[in-house]
Number of protein chains: 2
Amino acid sequence: MEITRQTDYAIRCILYLSGKQDQPTVVDEIAQEMSIPKSFLSKIVQKLSRAAILESFRGSKGGFKLARKPAEISLLDVIEAMQGTAAANKCAVDKAQCNLSCTCIVHPVWIELRKQTEDYLRGINFENLHPKAY
Amino acid sequence: MEITRQTDYAIRCILYLSGKQDQPTVVDEIAQEMSIPKSFLSKIVQKLSRAAILESFRGSKGGFKLARKPAEISLLDVIEAMQGTAAANKCAVDKAQCNLSCTCIVHPVWIELRKQTEDYLRGINFENLHPKAY
DNA sequence: CTGATTATGGAAATCACTCGTCAAACAGAT
DNA sequence: ATCTGTTTGACGAGTGATTTCCATAATCAG
Ligand code: SF4
Ligand code: SF4
């Protein structure tokens, strides 16, 4: 379940928006503030809004803001929006990925690991994440 | 912690060797039996013997066999031998990978996730894995 | 000793995916 | 209409995984 840099950026981005609720924020600002390449960030917020985690507004006075409360966005949500799934091995996503999966003895291990990981990440949202430090 | 195909092969390979204890087995045989490209498998068993998980014997009647009992080889051992670590995010391996790590609020999450994952995988060895099915 | 057998090690080809850029098209506000 | 800022798709460098090939070294059997 390698966390890709894209996902890491996404998390930083949502973290930033958690502090600026309600008024839309421009990509440029987030990019500078969080040191993320701007054009790359464009792609990221796009994905996030398609996943209904962010809401986008075009035109002047446009930008992005959270589509739900920080407490209702979990780390797992973000990871799944960005890279599909939090599984370690392809066969834990889809049995068909490996033709041995029906007989393979290791297969259940990855399934279980995936469950554990997801449970943990589901429990972490941007409400209980944000205010602790900073 | 994406499980790479190399690691998956390594696991299948050790699984096979768990059933053939004591007499060395030739790479060719493992490759055919487990449907792994032979030349690639050569590289894999090499890594595994450098990690003291397999033992190698040259010459005729040579081959590979487990260096320890199946019960003493955990999934975590294999993963670490093959891909270094079982962490999801680079910063969980080495703080220096990210210059934000000292202030980042998400950092501890990855550390904790890594611990959980490792604990789980450490508990699974090739003794309690192998005989269940087959 | 000789020859067959098998692992070792390095170089390199191929492939897929990630990271990041660019530019043109589109939509909202004034 | 114009300005601002998002949307979208195409594109390219770079990185790492996967895989093959070959020349070399060690070991065993005769
Ligand atoms: S061999 Fe087993 S563990 Fe590996 S991908 Fe196939 S089903 Fe999953
Ligand atoms: S930003 Fe935080 S979570 Fe992401 S790599 Fe850096 S320390 Fe880790």
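Lettering follows sequence order; numbering is per chain, from 1.
- Within residues 45-60 of chain A, the residues having any heavy atom closer than 4.0 Å to DNA chain D are, in order of number, A:Gln46, A:Arg50, A:Ser56, A:Phe57, A:Arg58, A:Gly59, A:Ser60.
- Rounding to the nearest 0.5 angstrom, the gap separating the OG atom in A:Ser74 from the CG atom in A:Asn125 is 7.5 Å.
- Counting only heavy atoms from C-beta outward, the side chains of A:Leu66 and A:Phe126 never approach each other to under 4.5 Å.
- Counting non-hydrogen atoms of neighbouring residues, nucleotides and ligands closer than 6.0 angstrom, the CD atom of B:Glu72 exceeds 12 such neighbours.
- Put simply, CZ on B:Arg68 and CD1 on B:Ile73 are 5.5 Å apart, with the number rounded to the nearest 0.5 Å.
- Evaluation of the side-chain contact (heavy atoms from CB on, under 4.5 Å) rule for A:Gln83 yields A:Ile3, A:Thr4, A:Thr7, A:Ile79 as partners, not counting sequence neighbours.
- Heavy atoms of A:Ser39 sit under 4.0 angstrom from at least one base atom.
- Taking every heavy atom of both residues into account, B:Val78 and B:Ala10 meet most closely at CG1-CB, 4.0 Å.
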Q) What string of B, S and - do you get for nucleotides 11-16 of chain C, 5' to 3', when a contact is any protein heavy atom under 4.0 Å? A) B-----
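- Atom CG of B:Leu41 and atom C1' of C:dT6 are 13 Å apart (whole Å).
- Toward the 5′ end of DNA chain C lies the nearest nucleotide of B:Gly62, the other residue of the pair B:Gly62 and A:Lys61 mapping further downstream.
- If you chain together hydrophobic residues whose side chains sit under 4.5 Å apart, A:Leu15 and A:Leu54 fall into the same group.
- For the pair B:Glu2 CD and C:dT18 C1', the computed distance is 13 Å after rounding to whole Å.
- No side-chain N or O of A:Tyr120 forms a donor-acceptor pair with one of B:Glu112 less than 3.5 Å apart.
- Looking at heavy atoms from C-beta onward, B:Gln6 lies in side-chain contact with B:Lys47 at the 4.5 angstrom threshold.
- Straight-line distance from the CG atom of A:Asp8 to the P atom of C:dT18: 15 Å, rounded to whole Å.
- Using a 4.0 Å cutoff to heavy atoms of chain A, the contacted part of DNA chain D runs 5' to 3' from D:dT4 to D:dA10.
- Checked against A:Met82 for a side-chain contact (heavy atoms from CB on, under 4.5 Å), the options A:Ile11, A:Leu48, A:Asp77 give a single hit: A:Leu48.
- Of the two residues contacting DNA chain C, namely B:Val27 and B:Lys90, the nearest-nucleotide position lying further toward the 5' end is that of B:Val27.
- Scored by the side-chain contact (heavy atoms from CB on, under 4.5 Å) test, B:Ile36 finds B:Tyr9, B:Arg12, B:Met34, B:Leu41 as partners (sequence neighbours excluded).
- Nucleotide C:dC19 holds its P atom 12 Å from the CZ atom of A:Arg12, rounded to whole Å.
- No option in A:Lys115, A:Gln116, A:Arg114 other than A:Arg114 meets the side-chain hydrogen bond (donor to acceptor under 3.5 Å, both in side chains) test with A:Glu118.
- Inter-axis angle, ends of the helix from C:dC1-D:dG30 to C:dT30-D:dA1, five pairs per end, rounded to 10 degrees: 20°.
- Salt bridge annotation for B:Arg122-B:Asp119: present, with a cationic side-chain nitrogen under 4.0 angstrom from a carboxylate oxygen.
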